[in-house]
Amino acid sequence: QVQLVESGGGLVQAGGSLRLSCAASGRTFSNYAMGWFRQAPGKEREFVAAIGRIGAIYYADSVKGRFTISRDNAKNTLYLQMNSLKPEDTAVYYCAATDRISLRVASTYDYWGQGTQVTVSS
């Protein structure tokens, strides 16, 4: 019902910035809450940020003050602006969509993108 495609990952030095995008298609984008998750090798999938359909925003403690989630419903696109990047931010970043309400929980999400790699060097 919803297709998600992430872009914007890459290699950046510590302290640098990246902006991730997630393009959605298939269903009415504005009907879904959206989230960003990340997964590093050997670690569990980790909640990063989420934004509800009417704009409620949630962040993991590890990224508060550094990352900003936003959405542009007219463009069917979700964004994650990442500033002051740290090596521990290195992971594959996934966007996801849900019509449920527990937005910090990965199992809440019904639709997932393929991921985009973010690598932060020391």
Side-chain angles (χ1 to χ4, degrees):
Q1 296 193 100
V2 177
Q3 295 80 48
L4 304 172
V5 180
E6 301 96 334
S7 61
L11 175 65
V12 65
Q13 292 185 338
S17 298
L18 286 171
R19 191 190 196 197
L20 306 184
S21 298
C22 174
S25 62
R27 290 289 202 182
T28 303
F29 179 71
S30 61
N31 287 345
Y32 294 88
M34 302 292 296
W36 287 100
F37 290 78
R38 65 189 183 186
Q39 189 165 23
K43 295 186 177 181
E44 289 191 334
R45 185 170 43 191
E46 177 187 22
F47 169 76
V48 176
I51 183 166
R53 61 179 60 85
I54 59 171
I57 291 174
Y58 310 90
Y59 294 105
D61 288 344
S62 60
V63 306
K64 285 180 180 177
R66 299 188 299 121
F67 291 11
T68 302
I69 189 170
S70 62
R71 64 192 296 161
D72 186 337
N73 288 344
K75 296 181 178 179
N76 293 339
T77 302
L78 175 74
Y79 302 98
L80 185 69
Q81 178 67 47
M82 304 186 294
N83 299 326
S84 301
L85 283 161
K86 303 175 180 179
E88 51 263 44
D89 296 318
T90 295
V92 176
Y93 283 70
Y94 300 90
C95 69
T98 182
D99 60 3
R100 297 192 282 269
I101 62 173
S102 299
L103 302 186
R104 294 179 175 91
V105 180
S107 61
T108 287
Y109 292 83
D110 297 304
Y111 309 103
W112 293 83
Q114 82 290 343
T116 186
Q117 177 71 49
V118 172
T119 302
V120 184
S121 62
S122 301

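Note that the structure is a prediction, hence the values are computed from the model and not measured.
- Of the possible polar contacts, none joining the R38 side chain to the A91 backbone as a donor-acceptor pair under 3.5 Å is found.
- One hydrophobic cluster holds both V48 and I57 under the rule that ILVMFWY side chains link at heavy-atom gaps under 4.5 Å.
- Of the possible polar contacts, none joining the Y111 side chain to the C95 backbone as a donor-acceptor pair under 3.5 Å is found.
- Between the side chain of T28 and the backbone N or O of S30, no donor-acceptor pair lies under 3.5 Å.
- At least one side-chain heavy atom of V118 sits under 4.5 Å from a side-chain heavy atom of L18.
- At least one side-chain heavy atom of R104 sits less than 4.5 Å from a side-chain heavy atom of Y58.
- Taking the six-membered ring for Trp and thresholds of 30 and 60 degrees, F67 and Y93 have ring planes inclined between 30 and 60 degrees apart.
- Using a cutoff of 4.0 Å between basic side-chain nitrogens and carboxylate oxygens, K86 and D89 are not scored as salt-bridged.
- Hydrophobic clustering of Ile, Leu, Val, Met, Phe, Trp and Tyr side chains at less than 4.5 Å, counting indirect connections, keeps M34 apart from F37.
- In this model, no donor atom of one side chain and acceptor atom of the other lie less than 3.5 Å apart for D72 and T77.
- L78 contributes atom CG, which lies 8.5 Å from atom OG of S21 (distance to the nearest 0.5 angstrom).
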Run V2 and F29 through side chain to side chain contact (heavy atoms under 4.5 Å, CB included) and show every step you take. CA-CA 8 Å; V2 177; F29 179 71; over 6 Å; no
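- A distance of 10.0 Å separates CZ in F47 from CG in D61, rounded to the nearest 0.5 Å.
- If you chain together hydrophobic residues whose side chains sit under 4.5 Å apart, I51 and Y109 never meet in one group.
- A cation-pi arrangement, defined by a distance under 6.0 Å to the six-membered ring centre and an angle within 45 degrees of its axis, is absent between R45 and Y94.
- Here the CD1 atom belonging to I69 is positioned 8.0 Å from the CH2 atom belonging to W36, to the nearest 0.5 angstrom.
- Judged by the 6.0 Å and 45° rule, R71 forms no cation-pi pair with Y79.
- The pair R53-D99 does not meet the salt-bridge criterion, since no charged nitrogen lies less than 4.0 angstrom from a carboxylate oxygen.
- Residues M82 and V12 share a hydrophobic cluster, clusters being chains of Ile/Leu/Val/Met/Phe/Trp/Tyr side chains in contact below 4.5 Å.
- In the hydrophobic clustering of ILVMFWY residues, with side-chain heavy atoms under 4.5 Å counting as a link, L20 and L103 come out apart.
- Taken from OG1 in T90 to CG in L11, the straight-line distance is 8.5 Å, to the nearest 0.5 Å.
- Dense packing is recorded around CD of E88, with more than 12 heavy atoms of other residues, nucleotides or ligands lying under 6.0 Å away.
- Inter-residue side-chain proximity for S122 and Q13 is flagged as unmet; no heavy-atom pair is nearer than 4.5 Å.
- At a threshold of 4.5 Å between non-hydrogen side-chain atoms, the residues R19 and L80 do not count as touching.
- Remark: side-chain polar atoms of E6 are paired, donor with acceptor, to backbone N or O of Q114 under 3.5 angstrom.
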